[in-house]
Structures are given as structure tokens and as C-alpha cells.
Amino acid sequence: MSDNTHYDPQAVEAKWQARWAERHTNEPDLSGAPRPFYNLMMFPYPSAEGLHVGNMFAFTGSDIFGRFKRLLGYNVFEPIGFDAFGIHSENFAIKQGIHPGELIPRNITNFRRQLRQIGAMFDWRHELSTTDPGYYKWTQWIFLQLYKAGKAYKKRAAVNWCPECKTVLANEQVINGFCERHPDTRVEQRMLEQWFFRIAEYAPRLLANLDGLDWSESTRSAQRNWIGRSDGARITFNAFDGGGDRVPLEVFTTRPDTIFGATYLVLAPEHSAVERLTTPACRAAVAAYLERTAKLDLVSRKTVKEKTGEFTGSFAENPATGARIPIWIADYVLLEYGTGAIMAVPGHDERDFEFAQAFELPVVRVLAREGENPDARVNEPFTGIDDVRMVNSGRFNGMTARDALGAIVAWLEQRGIGQGVVNYRIHDWCISRQRYWGPPIPMIYCDTCGAVPVPESDLPVLLPQIEDFRPDDSGISPLARHKEWYYVACPTCGAQGRRETDVSDTFLDSSWYHLRYPSTDFPDRAFDPALTRKWLPVTTYIGGNEHAVLHLLYSRFIAMVLKELGMIDFEEPFTRFRAHGTIVKDGAKMSKSRGNVVVPDEYIAKWGADTFRMYLMYLGPFEEGGDFQDSGISGPRRFLDKVWKLVTESLGQDACGEIIHRVGVKWNQTVVKVQENLEALKYNTAIAAMMELVNVLREENCAERQIVEDLVVMLAPITPHFSEECWERLGHKTSVFDGQWPRWDPSLVVEGTVEVVVQVSGKTRSKVLVGRDAPEAEVLKAATADATTRRFIEGKETRKVIYVPNRLINIVV
RNA sequence: GCCCGGGUGGCGAAAUUGGCAGACGCAUGGGACUUAAAAUCCCAAGGGAGGCAACUCCCGUGCGGGUUCGAUUCCCGCCCCGGGCACCA
């Protein structure tokens, strides 16, 4: 590397990685930092395959931003860690027959090695792993805080069950109703006791706050979809059981305006009123239907298919028309949404129409478009609300549907049988996992005291080292088989109690890790109040959109609860979030079966981390991703070779001497453009701008010291080792990152003369060179004097002249 | 079906309060250097037509309309690709 004519990335990178560690270059003083900037990237799950190019792309883009902010004078904290618990690791361990407790540390060691070689500005003093008892102690502590605040509760809930694996499956492991690992085995649903967090309670705030967040639009949109607000009404129908007794049934609808068209009611099969409303004559058929639907797995139940259902034998009264309408059960109505019961309006709802056709139920039209016969048969349900008026709806006839919506809700409210409500799709967060590889949920069950939280002083509840970590057919976590762990004294009365054997969801681990990073030095608290005030919320968070919904939403929820508990003073943990794009290879998705996976190690070994970093950022806009093509990487490498040469030349005697105007302007414009582009995460165009500058320097044969130094600094966020080496060769003793971002000369950012485009009737015909901000008359004179222009305007009358200063003049003839 | 992105040369891509379409790079062709090759350097290049040539003309940003002196950019109606949600009443 001391060879001045040759850039040797391997030597340069090894040297600077060692030196950064020696000099503690990337370890900001967390308590003293005057301008804290928390630069966060999503911590990886340490898979056995190692760091993939998607991780590398994301981390590099985030690291560039952090390094750039550091050069602007911020104290940047850039931590890294490992999201190492979870079903992913556990399934892999089961497949390989290796205990996750052995496998995961091995993977982490490999990840650490890879993370060091990509040259990111990680502060390794604050590394964390969610599997570390010193970390999950506080994950359990957070569970206890939520439990004590009434935000955690237990209830029976349906899970996917594979009779062959004899275990609970995640929704992603169910493929079209069949087990992922046993394609011939139908997945069923089973009811199990599970722990939930009350996130649904926070739906209005989770939704409303989105408008004020500086986040990628795609991410905010995904969260809005997930939270799923719908405005509607709850309406009570009077139903009557077999004995003629009144049974009030509440339905939820977003279209109360269509109530006159409700010709039957439908209950979810699990609805609590089903039993009472089923008449003896219908009992057998209903029971058979219930059994059939109960067997279906959760995914299949929600997949559109032919409508099925059963008549209960009972009827209700439509409160608008007074008509007697039948009550059905059908699995197209979901217990978890709304009230688990609907009023069916087959004339104006596709699903209800389909059901009515299948079971020959009456269809009534209550909406008619302009010129449509109010009594025309409905052949296809009209479901819109605009440009349509009420028909067959009593006193509301003739109103627009929009107006009727409000009027009918008011009418129902007046009669005390309905009210306008907002409904959300988001459900409470089920955090229970009947698995081994996670933090045990810190609860104890006692026959006399009931459910008792583990005292905070007894945390962590250690995950026992057991050999048979595989799930079995009991549907209960493997932890239950370990009696010496399972049986424990009740913290309240001292009698023999039993531990909760479920572990918590991985998303709980990752919902608060950003709070832990600054405080990893404190074994006695989850997050230090002073450090938290200084460093949080996170200044900029960069990650993939695969976590757009769950991880980011859960983190926001946890922050809201902690804020309510007075433990932190913010409720939105990530001030700015940017979703990065995805990398494809030669136009196709990367996958092992295609054999087109880019392995970062191979490219780093061949080209060096800096060239690889630069290429990854150059192949497309960071927020959109791009296409990785092997041939493309030579471009950035050639560019770095040229810069290396410029550095060498700048050290010589005849570097440049006088900076000609063209070079001066390009130099200053480049500083402005690169700064703007880095700020906007447009790394590809920042790199292009620096390439342009280098092209000009080479054309003009100029290697002026000051310009070359600025170039080295501007490149430093992207190619940190390379820039450090150049910086040292330029005679500096300190790190390039302890220096400053270049300043620019505003007078040299704009040129003295500009080229103005000459158009004739909107078509570009020529261009003229005029002084900056020249008046219109002068430009017009120059334009009409131009020979080419003259050919197009001669003999024609000028009707109009449009002049855009410094840009264009358009002569309309 | 609904909600977000996106569609521009051979390829990856630039270009925004509406103003030169294709910056920058890859690949390609030609030339220089070399015994030769690699590397490096120089030149060419959206497509088509005309000209010995400097050059000139026409077409061109997924498709069809519109607004405008001027549209990759704004409006209306579609098509295709990627992602999210989805029997959510």
C-alpha cells in the first residue's frame, strides 16, 4: 500500500480497520456528545448462510448516511446487534440437528467477522444480542410493565395446528391450507390459551401519528392498510329464539344507508348467540356445519371460496322495514371483526349477493343510479356510494346515498338502536409462542393465587439449557417437560406453582432494542434515563419494507405504553424512517435455486469492500434498489484508481498551479450537489457527480491539492478505508472523519455565462451563449441573429416570445 | 378488488415549482501504446432518412386522449411489472 502508484484495497482495508479499533475512532462519548445523532439500521437475524447482499446494501446505505452526518459535525452513534431468538433459528436448528444454543453463537461469530470487513462505523462497545440473558431480562421486564399496566392479558385463541408435525405453525408456514413441511397434511385450527398485548386499543393514535412522521410513504401506507380504519355504524336487530324470546343482535356495517335492503342476518359460526338461536329442527345441520368450519385452518377460512352456510331456524326484525328476516350462520363472516354479525344487503354487496344467490334469499334494490328503474331486478350488486339515490327506503327515498348515510345513522341513534362508530382491522398482538427458542414469559401459576408475575428481582427467568428442544404433540412448549424448571414456588404464598411455559414472540425482542443500545453498560436498568433523553428518539432509521408493518408498529406501540408509564418522554421512537430498495441479479430475484445469489465475501475478497460499497450504491437509487450485474463493478474500481492517481499527482510539484474557471466552478458545484444528494440518500447521483468532477480534472490536467482533498473527504462516507489512506498520504495525521465537510464558494457555483436554448414554436432549433441573468431583449437579439434560428423565423410574423432567464427563449411564429 | 411504488437507449440509470431527454457508468465499435495480450489513454454512439462533409430533417420517455408556446414531468382513461392488504361487512 505504500506503493504510490498502485491502490491495493486488501492492504488498505486491513490497515484501517485495525487502526479504527486501536484509535477508538467509532466510539463517541455518549454522555458528553454535544450534537447527538442516533443512526440506526435494522439489526440482522444471524442466519447460518451469513451476511447476504441485501444486508450489505442496507447497512452500507445507512453507514454512508451516518458517516456523512459525522463529517457535518454530529456525534454519530451507530450501533449493531443480533436479533437471534425466534422460530427461524429454531427451525433451522431442528433441521440440522444442532442445538440453537450452539448454532447461534457460531453464526454470530461469523456475522461479526463479516460486519467488520464491510467498513461500517459500528460502535462495537454497544453490541447486543437478544439471546443474551442480560438483554432478555429486560424484555421480560417490559412484559411485566405491560402486565401491571393492564396491557397484557390471556385468552383462548385459535392457532394453526399441523397434525403431522404435532405443532403450532405460523401463518407463513401454512401453504393453501396445507403444512409447509407436509404437503399432504391439512392444517387445522386449535384453541389454546395465549398471551396478548392490547395494541388494538392504540389504533387511533397509531394511525393519527403517521401523518406527522418523516417516513417513507410506502411504509406509512402499509401501516395504514394494516391498522385498517373503517367508518360505519353498529345497529341492534331484535332476534327471536325458538321460544319467541327477544335476543338483541348487534351488527357492524359501513353502509347503514342500505339498511332497508337488509333481507337476512349472518352470524360468524363461533358467535355466542348461535346456540340459543338454533331451533331444534335445524340443530343437526348447524352442528355439522360448525364441525366442518372448526376444522379449517386459519388461512383457508379467510380465503375466498364458494359461499357456505346454514339456516339457524330463527328470525329477526329489520328495524327499518319491520320485515321478518332469517338468521343464518356462515364462515364468510368473521368473529374477530366488528361484532361478528352482519346485516346482509345482497342488492348492494357482492358477498351478500353471492350468498343470496346460493341459498335463494330475497334481493331488494335500495339504490338506483340516474335513470335506473327503482324496481328493476338486481342482476349485479351496485356497491358504490357516489352518484346514486335512495329507493325503496321509506322517507329517505330520493336522497343521495351520501346524505342518507348520515340521516339514517341519526335516525337510528334517535330510536336508540344504532350509533356511528369507527372500526379497526388491527387485532391485539399475540405474543405467545409454544416454542423453545425465546425468552420465557415471566409468569407463575398458583392454585391459590392464580396468575402471579415473577418478581422483578428474580429476573431473568433463564431459558434452561435442554437437549430436547423440539416441539411435541401436546401443543405445549417443550419447557413444560422440564419439571425442575417447570415447578417453582409461588412468589406470593410459597406453595408449589408452575411456570408459564410459552416464550415470547421475536417481535417483542426487537420492539425495544433501540432503547437498549445506548445503555448496554448498565446491568441494573433497561435503559438509562439520562442517556435515553440524550439519544432517543432515533434520529434516522433505515431498514427494509419487509418490516414495514409488524416490527415498526410493535415498536411504536411499546413506546406509547412506556410513555404512558412515564418511563420515556416520546411516543414515536423513530423520527425519520427510510425504506431501502431491493437488489436483484441480472433482472431476476436472487434465490438459491436459481443459483444467482451474490455472496458479499467473494466480491469483497476480489474487489475490496470500498469498491463493492460504491458499486452497490451506484447501481440504482438507494430507496428503489437496482440490478446487480457483475460487469458493472469495474466502473467504480476504475474511478477509484483515477482518484488514487490524482492524489499522487497532487503531491508533485506541477499539480496545477492556477485553477481555471471551469475547474473552479465544477469543483464548487460538485460539493453542493454531493451534499444535497447524500442528504436525500441519492447515493447513485452523488457518485456520478464526483465522477464528473474527476473527468473535468483529468481533461484540464489539474490535480490541485485543495480540490483533491475535498474529493477525498466527499468520498469518505462511501469509501471510508480508501479515503483514510488517501487522507494520510496527503499528509494528515488524524482520521478523515475528524475533519470537516468541504465548504464551497457561492460565487463559483453559478457560471458567468450561460447557454440559452432557442426554440421556435416550441421546437429546439439552436442555442446562444449570453451573460448570466441577461435581459430578454438582449437574448432575443442574440437569438434572432443566429443563422439557424433565422432560417425558421424568416418571413414569418412573431406572435409571442417566452423567455425563461438562463434557460430558454421560445419564439412563437 | 383496494392502497403504495415503478415502466426512459444494447444494459444499469439521469433529468421536478413544465423548459436542450439520455448526465454518470457498463457493454460495444474504431484508434493509440505493446513483439502480443492485459491494463491504460483517445474517439464514436437513442432510432431512422439524406449528404463527401461540417451538417440537416423526421421519429422517440408503456398505450390512448387532453391542457400548454413547450409535457418524461400536470389532468382524464387504460395496459404491464414489483410490493402491501384482502370474504374486514
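What you see below is based on every heavy atom in this structure, not just the backbone, and it leaves out hydrogens, waters and symmetry mates. The structure displayed is predicted, hence computed values, not measured ones. So that the names make sense, note that chain A is the first sequence line, chain B the second, and so on, each numbered from 1.
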Measure from [atom1] on [X] to [atom2] on [N] and round the result to the nearest Å.
X	N	atom1	atom2	result
A/Glu336	B/A89	CD	C1'	13 Å
A/Glu546	B/G82	CD	C1'	14 Å
A/Arg224	B/G83	CZ	C1'	16 Å
A/Arg637	B/A38	CZ	C1'	14 Å

Suppose we define a pair by two distances each less than 3.5 Å, Watson-Crick or G-U wobble; what does [N] pair with here?
N	result
B/G5	B/C81
B/G60	none
B/U28	B/A44

- Can you tell me how far P in B/A21 sits from the matching atom in B/C85, rounded to whole Å?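 Those two atoms are separated by 43 Å.
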- Item | Same-atom distance (P) from B/G9 to B/A14, integer angstrom |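 These two P atoms come out 13 Å apart once rounded.
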- Message: Pairing donors with acceptors under 3.5 angstrom, does anything connect the side chains of A/Asp231 and A/Thr254?
- Response: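 Per modelled atom types, A/Asp231 and A/Thr254 side chains form no pair under 3.5 Å.
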- Task: Would you classify A/Arg638 as touching base, sugar-phosphate or nothing, given that sugar-phosphate means primed atoms plus P, OP1 and OP2, and contacts are heavy atoms under 4.0 Å?
- Result: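 Result for A/Arg638 = sugar-phosphate.
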- Looking for any heavy atom pair under 4.0 Å, which part of the strands does A/Asn695 touch: base, sugar-phosphate only, or nothing?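 Sugar-phosphate contact only - A/Asn695 comes under 4.0 Å of backbone atoms but never of a base.
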- Nearest to side-chain heavy atoms of A/Val757, which nucleotide of B/G19, B/C20, B/C58: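 In terms of side-chain proximity for A/Val757, the closest of B/G19, B/C20, B/C58 is B/C20.
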- Between B/A89, B/G19, B/C26, spot the one nearest the side chain of A/Ile802, thanks.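 Taking heavy atoms from C-beta onward, the closest nucleotide is B/G19.
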- Answer with yes or no after comparing the ring centroid distance for A/Tyr618 and A/Tyr683 against a 6.0 Å cut-off, counting only values under it.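 Centroid separation for A/Tyr618 and A/Tyr683: 6.0 Å or greater.
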- Mind checking whether A/Phe628 and A/Tyr603 have ring centres under 6.0 Å apart?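 Ring-ring flag for A/Phe628/A/Tyr603: true, centres closer than 6.0 Å.
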- Task: Starting at NZ of A/Lys666, measure out to CD of A/Gln669 and round the result to the nearest 0.5 Å.
- Result: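 Output value for this atom pair is 6.0 Å.
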- side-chain N/O A/Arg425 vs B/A89 OP1/OP2, d < 4.0 Å: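 False: A/Arg425 side-chain N/O out of range (4.0 Å or more) of B/A89 OP1/OP2.
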- Query: Is A/Arg765 near enough to B/U56 that one of its side-chain N or O atoms lies under 4.0 angstrom from OP1 or OP2?
  - Reply: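 No, because none of the side-chain N or O atoms of A/Arg765 sits under 4.0 Å from OP1 or OP2 of B/U56.
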- What string of B, S and - do you get for nucleotides 2-17 of chain B 5' to 3' if you count protein non-hydrogen atoms under 4.0 Å? -BS------SBSS---
- Query: Less than 4.5 Å apart, any side-chain heavy atom of A/Asn684 and any of A/Met617?
  - Reply: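 Side chain of A/Asn684 against side chain of A/Met617, heavy atoms only: no contact under 4.5 Å found.
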